[in-house]
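Read the structure below first, then the notes.
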Amino acid sequence: MAEIQRELMIDSDKPFRVLGIETSCDETSLAVLECSGDDVKLLHHEIASQIPVHAVYGGVVPEVAARLHVAEILALIDRVKEKFVSEGTVLDAFDGLAVTKGPGLATALRVGVETARTLAFAEAKPIVGVNHLEGHIASLWLNETNRASWKFPALILLVSGGHTEIVLMRDFGVYEIVGRTRDDAAGEAFDKTAALMGLGYPGGPAIASYAEQGKAAAFSLPRPMLHDGSFDFSFSGLKTAVRNVWENFTDEQQRSSSLIADLCASVQEAIVDVLATKTIHAIHKYEPSMVGIAGGVSANKRLQERIAERCALEIPDVRVLEPARGLHTDNAAMIAAAGYWHLRKGQIDDWHILDADPNFEL
Ligand code: KG4
Ligand code: ZN
């Protein structure tokens, strides 16, 4: 994955500090991760969310996202340096850099990548461009309990706002995508159906919260490709089905909180049903030693429950891992962790040519 490979001698006895930078979508985030072998400590983490700004537009506006990243990122870097220098713990705040290279919004990614390249040059530190989706996988590894029982091959359901994939991870940095969405991502299905009901952005947390009071069987919604034998997904039809249901109600009925709760519970169940069923089928086929769910949608309690329940019944020997607390949605800690996987193997990019890649494949 790295454009140029050079030798990086990481002394295993000396902790190695990675500065992680994430700007692929609507969070500007910075983290300092101290790593020593498989022992990692999150020394510093900041996430500046742009969600309140984008919520006004009902979704992420790429140009606005990029401007906000520019406005925020140097202040975050200043705080990292101030913190470590004022504590007197280190002369330099970090030993290497990891930045999200893609996938994501081109203009937003570029802010992080250009900032990281400049730091790599100015501080003469090794840098690696990280795949955002690998970052989500690394969010599982940041959980100490998960790390202690980490095993390969791992099967990971990766569910974010832009991606839905079932990934077989054979080693750090070795991935096979065994299923993916053919149209919308699961997060997008949550976001688009929430927008239709006027529940704001992002839709996932809103739908999950209304769903707690609703009946999941209230509306019968499609579960496309559920039994087609593949591990692929399709969520775009769900949006149309929800629109058809929603538009059959009058304006007054649409204001009823019990209708909203029932429709949210039904939408959530349809999405979760497909995700959980396909994941279980993939587990039976690939027989992984470990299973994980990662990405923003993995914060969904119903999804966690459904996968855990079925695994407990059908494959009790396999543990289902979730990201470390608070690291389900986008953050720089996971980017620093994935970057460390590469840096410790000597996989370094050349800062002269490192570039954002909005369509970067895992
Ligand atoms: O991974 P993430 O932060 O960003 C991307 O890489 O896309 O995921 C954001 C997505 C959004 O679509 C959001 O609606 C969804 O994660 N999400 C949820 C929940 N929390 C966030 N979806 C369902 N239930 C949740 N509790
Ligand atoms: Zn993400």
Side-chain angles (χ1 to χ4, degrees), residues 20-29 47-51 54-55 58-60 62 65 99-105 108-109 112 130-140 142 156-165 167 180-181 184-197 199-212 214 216 233 235 238-239 264-276 292-307 322-335 337-338 358-360 362:
I21 299 181
E22 155 65 32
T23 65
S24 69
C25 190
D26 54 358
E27 328 279 354
T28 321
S29 181
I47 305 175
S49 178
Q50 306 175 356
I51 285 177
H54 296 294
V60 179
V99 61
T100 307
K101 175 183 164 97
L105 304 170
L109 287 166
V130 169
N131 187 298
H132 181 81
L133 302 176
E134 184 175 33
H136 277 300
I137 294 173
S139 70
L140 299 166
L142 283 172
I156 292 147
L157 173 68
L158 204 58
V159 269
S160 71
H163 291 82
T164 296
E165 293 173 358
V167 180
R180 55 166 26 121
T181 183
D184 289 350
E188 229 171 330
F190 275 107
D191 293 339
K192 287 181 175 171
T193 48
L196 210 110
M197 289 185 260
L199 304 181
Y201 173 84
I207 291 202
S209 151
Y210 278 104
E212 281 175 23
F233 303 88
F235 288 108
L238 183 65
K239 192 178 54 201
C264 284
S266 306
V267 166
Q268 176 175 267
E269 202 59 23
I271 297 172
V272 165
D273 200 14
V274 182
L275 293 173
I293 47 174
V297 180
S298 71
N300 188 279
K301 294 274 173 282
R302 184 73 188 131
L303 177 65
Q304 296 169 2
E305 266 169 33
R306 278 289 303 272
I307 293 186
E322 284 167 31
R325 245 171 101 85
L327 301 186
H328 296 79
T329 49
D330 292 350
N331 66 83
M334 67 186 198
I335 302 301
N359 302 312
F360 195 22
L362 190 63

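Position 1 is the first residue of the sequence, and the numbers go up from there. Every number for a ligand or one of its atoms is a count from 1 in the order of the listing.
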- Item | Any N, O or S atom of His163 closer than 2.8 Å to the Zn ion (ligand 2) | no
- So Ile137 and Leu362, side-chain contact (heavy atoms from CB on, under 4.5 Å) or not? Walk me through it. CA-CA 11 Å; Ile137 294 173; Leu362 190 63; 4.3 Å; yes
- Query: What is the distance from atom CG of Leu199 to atom OG of Ser209, rounded to the nearest 0.5 Å?
  - Reply: 9.5 Å
- Item | Spatial distance of atom CG (Leu275) from atom CD1 (Ile293) [nearest 0.5 Å] | 9.5 Å
- Task: Count the heavy atoms of every other residue, nucleotide or ligand shown that sit under 6.0 Å from OH of Tyr210, and state whether that count exceeds 12.
- Result: no
Taking all non-hydrogen atoms of both residues, which atom of [X] and which atom of [Y] are closest, and how far apart?
X	Y	value
Ala208	Asn300	CB-ND2, 3.8 Å
Leu140	Gly292	CD1-CA, 4.1 Å
Val60	Tyr201	CG2-OH, 3.2 Å

Relative to the Zn ion (ligand 2), which of the N, O or S atoms in [X] is the closest?
X	result
His132	NE2
His136	NE2
Asp330	OD1

- Tell me the residues surrounding ligand 1, counting only those with a heavy atom closer than 4.0 angstrom, sorted by chain and number. His132, His136, Ser160, Gly161, Gly162, Gly187, Phe190, Asp191, Pro202, Gly203, Gly204, Pro205, Gly295, Gly296, Val297, Ala299, Asn300, Thr329, Asp330
- Task: Give the ring-plane orientation class for His136 versus His132, where under 30° counts as parallel, over 60° as perpendicular and anything between as tilted.
- Result: perpendicular
